[in-house]
*Asks:* 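Questions regarding the structure given below will be posed in turn.
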Amino acid sequence: MNQAIITPIFFGILACWSAISVTAEDRYQFFTWEITKGTIFPLGVPQEGILINGQFPGPTIEAITNDNIVVNVINKLDDKFLITWSGIKQRRTSWQDGVLGTNCPIPPNSNWTYKFQVKDQVGTYTYFPSTKIHKAAGGFGGFNIAQRSTIAIPYPAPDGEFTLLVGDWSKTNHKVLRRLLDVGKSLPFPDALLINGVKDNAVFTGEAGKTYKFRVSNVGMATSINFRIQGHSLKLIEVEGAHTLQETYESLDVHVGQSMTVLVTLDKSIGDYYIVASTRFTNPILTTTATLRYSGSNSKASGLLPVGPTDVEWSIKQARTIRLNLTANAARPNPQGSFHYGTIPVLRVLQLANSKSIVNGKLRYAVNGISHINPSTPLKLADWFNIPGIFDLNTIKDFPSSSKSVKLGTSVLGFTLHDFAEIIFQNDENTIQSWHMDGSSFYVVGFGKGKWTPDVRRTYNLVDGITRYTTQVYPNSWTTILVSLDNKGMWNLRSAIWENRYLGQDLYMRVWNNEQSLYTETNVPLNALFCGKAKHLPKL
Ligand SMILES: *[C@@H]1O[C@H](CO)[C@@H](O)[C@H](O)[C@H]1NC(C)=O
Ligand SMILES: *[C@@H]1O[C@H](CO)[C@@H](O)[C@H](O)[C@H]1NC(C)=O
């Protein structure tokens with residue numbers, strides 16, 4: 001072999017090698033989080049909250065693209081506990097996803113350290129407890145990822161930024177709520193909406209004439225919200241890591257589990273203005289306010305609250321305007337549009353229909369007739385160590401059957417690594433759905449009313465559909481996504497509506513190929529907890 005041939009091969013190997021070892025060169029951020037229960041008063045009455053280092057909501061993680069995040073979670077609750085990182089891709093490592101299908105829950109009075117990289121990601125995300133109904137008591141927070149300084153952003157740099165966690169809230173103790181679900185009842189209608197853990201009390205202060213980034217996430221359990229600011233318009237710039245066409249809105253719907261980022265210019269006279277969040281598609285409508293304060297203001301916000309939309313059509317219409325800016329970059333310099341998702345042949349079509357029913361006298365929710373039950377052995381551990389009898393790939397089918405019957409089961413859909421799939425979410429319930437996928441973002445290509453049929457494919461947006469991790473499905477409607485399954489692992493696909501998820505609208509996507517290689521998936525972490533049938537396995 002002569003030098004001319006060796007050199008490119010050599011550099012090829014070097015490039016692959018550095019793709020793996022790049023983790024070692026990027027910045028590390030270490031966190032120690034003590035999870036405790038404590039008394040909180042978000043609605044003026046004392047109730048049991050879940051605190052992180054004494055805080056409710058938990059601390060905001062401020063990361064930069066490619067940071068390595070190390071979080072030692074010390075569980076001081078009297079319950080097992082796990083946190084999941086919503087929309088954080090966990091490239092090649094579903095081991096860090098923090099859901100029952102991938103991780104043993106952290107027992108009381110012990111700790112577990114998550115280690116992951118926010119590889120090639122920017123944007124606004126959240127984290128929250130993934131098990132039981134802990135999310136109803138706290139333990140959630142913002143997770144923001146800023147661009148590296150060398151990467152351009154497709155909007156003028158704002159003068160400051162705020163993180164707003166908006167969500168429905170119940171005064172009822174989370175254990176009481178859980179008992180209701182366990183005996184087969186619904187959760188009560190929430191008591192209020194909170195913004196950053198308080199009702200009508202949060203204040204965000206900026207300077208007149210300046211522009212601020214507002215990162216808004218719906219951290220609630222059940223209800224979509226509409227967000228607006230009195231007298232100010234919202235310029236949408238980013239949705240769960242994708243840079244949008246920068247349209248200006250008077251108000252925006254944010255469904256459960258979703259995040260979006262807007263720019264707001266303080267272009268009115270010095271004063272206080274209402275920030276408003278109200279519930280969508282509910283009766284009654286819950287409303288909460290916060291304050292946008294101009295520095296130097298000495299007048300309280302006054303006047304009528306800006307009114308929100310009321311109908312579903314408005315929301316569907318708005319959803320269709322939220323599109324990908326094809327020329328903008330995201331975490332990497334290449335334009336977001338360079339993937340041309342609309343030209344990629346679909347290798348797999350699935351239709352996931354959600355339903356509600358009574359099984360053995362109890363309320364259950366199902367997907368394609370299967371109401372998911374988490375086995376006590378995490379699916380990922382069962383898969384990795386070939387533990388039989390935990391799950392199979394035939395329980396849940398790719399399409400709903402014509403029968404309305406619902407069975408309990410463990411739902412795992414098998415995919416081949418790099419499958420390009422069309423997934424149609426058919427919502428046959430008369431309430432709004434919100435589906436979240438871990439491990440991969442997806443293109444949202446269509447929303448429509450009634451039953452999906454093949455001819456609605458001609459209405460798909462195959463050019464500039466937004467990419468995100470969580471999509472709404474309107475009542476008695478469908479939503480279609482296209483997804484490139486390039487992340488090997490066991491990935492949770494769940495309803496973000498917590499009652500539905502807790503009672504069975506939860507499933508896993510096993511993205512797999514038969515080659516065992518660190519290029520496609522990392523090994524089981526050295527500190528992995530073992531439980532269920534994996535409990536007595538020797539540590540690696
Ligand atoms: C628990 O925390 C200690 C440090 O306090 C750390 O050394 C250890 O690795 C943690 N355990 C796990 C399983 O992550
Ligand atoms: C799209 O992104 C480009 C940056 O590549 C930016 O200049 C342009 O204003 C953006 N367009 C819209 C409509 O947001």
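Remember, predicted model here, so these are calculated numbers, not experimental data. For ligands, and for the atoms within them, numbers begin at 1 and follow the listed sequence. Here, residue 1 is the first one in the sequence, and each next residue gets the next number. The figures here come from the full heavy-atom set of this structure, side chains too, leaving out hydrogens, waters and symmetry mates.
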*Asks:* Please verify the inter-ring angle class for Phe281 with His255; under 30° counts as parallel, over 60° as perpendicular, anything in between as tilted.
*Replies:*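 Answer is parallel, since the angle falls under 30°.
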*Asks:* State the atoms of ligand 2, each with its element, that fall below the 4.0 Å cut-off from a heavy-atom position in Leu245.
*Replies:*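 Reading through ligand 2 atom by atom, the close ones are 13 (C), 14 (O).
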*Asks:* Please report which non-hydrogen protein atom sits nearest to atom 5 (O) of ligand 2, along with the residue it belongs to and the distance in Å to one decimal place.
*Replies:*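 Protein heavy atom with the smallest distance to atom 5 (O) of ligand 2: Thr327 O, 3.4 Å.
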*Asks:* Answer yes when Arg91 and Asp486 have at least one side-chain N-carboxylate O distance shorter than 4.0 Å, and no when they do not.
*Replies:*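 No, Arg91 and Asp486 are not salt-bridged.
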*Asks:* I would like to know whether Arg457 and Glu422 meet salt bridge (Lys or Arg N to Asp or Glu O under 4.0 Å); could you show each step before the answer?
*Replies:* CA-CA 11 Å; Arg457 286 195 172 115; Glu422 175 188 15; 2.9 Å; yes
*Asks:* Output the list of atoms in ligand 1 that are nearer than 4.0 Å to some heavy atom of Thr113, sorted by atom number.
*Replies:*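 Heavy-atom distances to Thr113 below 4.0 Å select 10 (C), 12 (C), 14 (O).
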*Asks:* Return yes or no for this condition: an N or O of Trp112 is under 3.5 Å from an N or O of ligand 1.
*Replies:*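 Min N/O separation from ligand 1 is not below 3.5 Å for Trp112.
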*Asks:* Which ligand 1 atoms does Asn72 reach within 4.0 Å, using its non-hydrogen atoms?
*Replies:*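 Answer for ligand 1: 1 (C), 2 (O), 3 (C), 4 (C), 5 (O).
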*Asks:* Please report whether atom 9 (O) of ligand 2 has a protein non-hydrogen atom at a separation of less than 4.0 Å.
*Replies:*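 False for atom 9 (O) of ligand 2.
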*Asks:* Is the backbone of Thr113 close enough, under 3.5 Å, to the side chain of Asn527 for a donor and an acceptor to pair up by distance?
*Replies:*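 Indeed, once roles are kept as given, a pair shorter than 3.5 Å links the two residues.
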*Asks:* Strictly less than 4.0 Å: does any protein heavy-atom distance to atom 14 (O) of ligand 1 fall in that range?
*Replies:*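 Given the 4.0 Å limit, the answer for atom 14 (O) of ligand 1 is yes, a protein heavy atom qualifies.
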*Asks:* Write down the atom of Asp267, the atom of Tyr294, and the distance for their closest heavy-atom approach.
*Replies:*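 The answer is N-OH, 3.2 Å.
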*Asks:* Tell me which protein heavy atom sits closest to atom 4 (C) of ligand 2, plus the residue, atom name and distance to 0.1 Å.
*Replies:*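 Looking only at protein heavy atoms, the one closest to atom 4 (C) of ligand 2 is Pro154 CB, 3.9 Å.
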*Asks:* Answer side chain, backbone, both or neither: which part of Thr32 comes under 4.0 Å from ligand 1, heavy atoms only.
*Replies:*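 Answer for Thr32: neither.
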*Asks:* Which protein non-hydrogen atom lies closest to atom 11 (N) of ligand 1, naming both residue and atom, and how far is it?
*Replies:*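 Of every protein heavy atom, Asn111 ND2, 3.0 Å lies nearest to atom 11 (N) of ligand 1.
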*Asks:* Assess whether a salt bridge exists between Asp79 and Lys37, defined as any Lys/Arg side-chain N lying under 4.0 Å from an Asp/Glu carboxylate O.
*Replies:*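 So Asp79 does not pair with Lys37 through a salt bridge.
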*Asks:* Would you please classify the geometry between the Trp478 ring and the Tyr460 ring as parallel, tilted or perpendicular, with 30° and 60° separating the classes?
*Replies:*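 Geometry flag for Trp478 against Tyr460: tilted rings.
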*Asks:* Which atoms of ligand 2 sit under 4.0 Å from any heavy atom of Asn325?
*Replies:*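 Selected atoms, number and element: 1 (C), 2 (O), 3 (C), 8 (C), 10 (C), 11 (N), 12 (C), 14 (O).
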*Asks:* Relative to the heavy atoms of Ala328, which atoms of ligand 2 are at a distance of less than 4.0 Å?
*Replies:*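 Numbered from 1, ligand 2 contributes 2 (O), 5 (O).
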*Asks:* Go through ligand 2 atom by atom and flag the ones less than 4.0 Å from a non-hydrogen atom of Gln246.
*Replies:*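 Near Gln246, the atoms of ligand 2 are 12 (C), 13 (C), 14 (O).
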*Asks:* Please work out which of the three classes, parallel, tilted or perpendicular, describes the rings of Trp33 and Trp85, given edges at 30° and 60°.
*Replies:*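 Rings of Trp85 and Trp33: tilted, as their planes differ by 30° to 60°.
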